[in-house]
Amino acid sequence: MKDFVQRWHLSTWDTGLMTSMLELGSLLGALVTGTLADRFSRRQSIFSACVVFCIGSALQFIAQSPDHLTLGRGIGGLGVGALSMLSPLYMAEISPPEVRGSLMALEQFAIVIGAVLGFWTGFFTRDIPGSVSWRLPLGIQLIPGILLGLGCMALPPSPRLLVQQGRTEEALRSLAKLRLRSGGDIETDPLLQIELLEMQIESALIEQTSPSESSVGSGKSGTLRGELRAWARLFSTKLRKRTLIGVMMMFFQQWSGINALLYYGPTLMRSLGMEGDAVTLMSAGGVGIVQFIAVLPAIVFIDRLGRRPLLRGGSLVMASSHLTIALLVRQYGGDWSAHTLAARISLACVYTFTAAYGISYGPIGWILPSEVFPLSSRSKGVALSTASNWLNNFLIGLLTPVFMERSASGTFLIFGVACFLGYVWSTYLVPETANVSLEEIDAVFGSSAGREDVALKQQIEADLGLHELVQRWAA
């Protein structure tokens with residue numbers, strides 16, 4: 001957008017800082033929300049996150065200096081990071097078990113839709129005279145923030161959170177509403193009773209496992225020392241390998257280079273010999289469209305093919321694409337007009353990389369962390385993995401323009417090496433988690449954490465009478 005460039009005269013460092021400030025804010029928002037999420041209702045937390053996001057968006061919309069834009073992106077990032085934790089958490093808590101997995105895969109689908117719509121909004125407003133060309137896209141993002149903030153007022157409370165707070169009757173009424181049951185079915189519907197009891201069992205399991213980690217000198221769970229010990233458990237001998245898988249999955253997801261293409265698509269395309277704003281934006285916009293299409297088969301086949309084959313195959317294709325581009329940029333980057341075939345091959349490699357990412361690192365990055373942790377540590381394990389995502393996203397946004405200024409071919413080489421290391425990692429260190437029970441995952445990791453949770457859960461089920469309830473309704 002010409003007005004934006006002419007108005008601010010940003011250096012490459014300013015551009016990287018402004019871009020990455022959103023990720024830094026999101027990192028902080030995700031970590032804070034991971035700690036405070038259980039102290040407030042999901043509805044209140046989502047509404048508060050929307051308010052913070054809208055404040056940041058409004059500051060960007062009315063910005064009078066680059067500092068205003070940077071601050072606005074940081075504040076907006078706090079809301080984005082909080083929502084990145086709260087939205088999937090709330091969906092998982094209110095969803096029937098049979099559709100929970102599909103919702104997790106659809107999260108990546110929704111992320112891609114947002115990226116595509118955001119890019120093309122900027123594309124169609126780029127020729128509007130004056131600052132409207134860039135203020136309008138920044139202002140439009142207020143619309144979904146406001147709609148979500150108002151819409152969450154109609155959301156029913158999370159029955160799982162109500163159970164954790166000891167409000168069992170309210171949890172049962174909320175569950176009945178979510179399952180479209182009438183008031184008369186609350187006491188007579190066996191499925192409602194069983195599902196509520198399963199929530200009580202899970203809550204009791206978390207309550208009984210957490211104090212064991214914080215009992216020494218900490219007193220009550222929920223204190224600062226107890227909270228720190230709960231986080232420290234992720235790095236214990238039993239869970240260390242699982243934690244590394246969750247954190248490294250997000251590391252390789254970001255260092256594959258996908259967000260560099262989304263953030264700096266036009267810059268990267270110019271390094272491949274593309275000319276003219278329209279052609280550049282159309283080519284970069286194609287990255288989002290290809291990713292959008294590639295996610296669709298992943299939703300269908302991710303459980304049939306398994307996680308490791310998709311990770312390994314995707315890593316090899318992405319590494320090959322990056323390394324091919326790096327070689328062509330180094331060899332012909334000085335005169336693309338005389339080597340149009342090389343430019344077209346490079347562009348084809350960009351789209352090939354994007355398709356490989358869309359069916360591998362994209363969706364699996366959100367699924368794998370939720371599968372490797374035992375129940376009692378899953379929420380904090382996923383929170384830490386998500387923090388890794390935002391931290392590496394921040395680094396990508398900060399460093400990519402610097403890398404591109406130094407060497408375009410070197411930038412693609414870095415991402416290619418990262419993808420190859422991802423192949424080695426997924427081949428030798430990542431277990432197959434598709435349709436694998438907790439006991440089998442324990443065997444892979446050489447840990448008993450999951451078996452201990454299962455044994456404790458079976459005891460709690462007996463104590464709360466789940467088996468008796470199932471037998472009574474079956475009879």
Side-chain angles (χ1 to χ4, degrees), residues 108 112 244-265 267-269 271-273 283-284 286-288 290-291 293-295 297-298 301-302 305-333 341-368 388-389 392-393 395-397 399-400 402-404 406-432:
Q108 176 67 15
V112 174
L244 286 175
I245 284 180
V247 171
M248 294 304 295
M249 180 69 255
M250 292 303 191
F251 171 86
F252 285 117
Q253 185 193 63
Q254 291 305 312
W255 283 94
S256 67
I258 184 63
N259 278 333
L261 290 177
L262 295 176
Y263 295 154
Y264 303 105
T267 302
L268 292 171
M269 292 300 172
S271 72
L272 299 181
S283 300
V287 170
V290 170
Q291 188 182 357
I293 297 173
V295 172
F301 296 109
I302 198 166
L305 298 178
R307 315 316 186 220
R308 290 182 72 243
L310 289 177
L311 285 175
R312 296 177 64 196
S315 297
L316 284 180
V317 174
M318 289 188 294
S320 300
S321 299
H322 277 311
L323 294 176
T324 300
I325 295 172
L327 290 174
L328 292 175
V329 170
R330 181 175 179 82
Q331 187 70 24
Y332 305 110
L341 178 60
R344 292 176 181 176
I345 293 175
S346 298
L347 187 59
C349 286
V350 169
Y351 291 143
T352 302
F353 157 81
T354 305
Y357 174 90
I359 63 175
S360 59
Y361 280 36
I364 296 176
W366 298 104
I367 293 175
L368 189 62
S388 172
N389 177 286
N392 287 287
N393 204 333
L395 293 175
I396 289 291
L399 297 176
T400 295
V402 179
F403 289 162
M404 288 298 301
R406 294 289 181 86
S407 173
S409 62
T411 302
F412 287 105
L413 179 62
I414 290 173
F415 294 142
V417 171
C419 290
F420 177 76
L421 292 177
Y423 169 79
V424 175
W425 171 77
S426 60
T427 299
Y428 296 104
L429 297 177
V430 177
E432 180 55 69

Checking Tyr332 now: which residues fulfil ring pair (Phe, Tyr, Trp, His ring centres under 6.0 Å) with it, not counting sequence neighbours?
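For Tyr332, the residues satisfying ring pair (Phe, Tyr, Trp, His ring centres under 6.0 Å) (neighbours in sequence not counted) are His339.
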With Trp366 via ring pair (Phe, Tyr, Trp, His ring centres under 6.0 Å) - residues at least two apart:
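Expected list: none.
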Any idea which heavy atoms bring [X] and [Y] closest together, and the distance?
X      : Y      : answer
Tyr351 : Val287 : CE2-N, 3.7 Å
Ala298 : Ile359 : CB-CA, 3.8 Å
Leu328 : Ser346 : CD1-OG, 3.3 Å
Ala356 : Met318 : CB-CG, 3.8 Å
His322 : Ser256 : NE2-O, 2.7 Å
Gly416 : Ala319 : O-CB, 3.6 Å

Judged by atom type as modelled, is there a donor-acceptor pair below 3.5 Å linking the side chain of Ser407 to the main-chain atoms of Phe403?
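Judged by distance alone, no pair lies under 3.5 Å.
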Mark yes or no for whether Arg330, through its side chain, and Gly410, through its backbone, hold a donor-acceptor pair below 3.5 Å.
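Here the side-chain-to-backbone pair does not exist.
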Could you grab the distance from atom [atom1] of [X] to atom [atom2] of [Y], nearest 0.5 Å is fine?
X      : Y      : atom1 : atom2 : value
Arg308 : Leu368 : CZ    : CG    : 11.0 Å
Phe251 : Asn393 : CZ    : CG    : 13.0 Å
Met248 : Leu421 : CE    : CG    : 8.5 Å
Cys419 : Leu316 : SG    : CG    : 10.0 Å
Cys349 : Arg344 : SG    : CZ    : 14.5 Å

Stepwise, does the side-chain contact (heavy atoms from CB on, under 4.5 Å) test hold for Asn392 with Phe252?
CA-CA 9 Å; Asn392 287 287; Phe252 285 117; over 6 Å; no
Determine which pairs satisfy side chain to side chain donor-acceptor pair (under 3.5 Å) with at least one residue from residues 355-364, sequence neighbours left out, and list them in order.
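Sorted pair list: Ser315-Tyr361.
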Check whether any side-chain heavy atom of [X] sits under 4.5 Å from a side-chain heavy atom of [Y], and report yes or no.
X      : Y      : answer
Leu311 : Met249 : yes
Phe415 : Thr400 : yes
Thr352 : Thr324 : no

Going by side chain to side chain donor-acceptor pair (under 3.5 Å), name the residues that satisfy it together with [X], two or more places apart in sequence or in a different chain.
X      : result
Thr354 : none
Arg312 : Tyr423, Thr427
Trp425 : none

Suppose we screen for side chain to side chain contact (heavy atoms under 4.5 Å, CB included). Which residues come up paired with [X], at least two apart in sequence or across chains?
X      : answer
Pro309 : Glu432
Val402 : none
Leu327 : none
Ser320 : none

Stepwise, does the side-chain contact (heavy atoms from CB on, under 4.5 Å) test hold for Ile258 with Gln291?
CA-CA 10 Å; Ile258 184 63; Gln291 188 182 357; 3.8 Å; yes
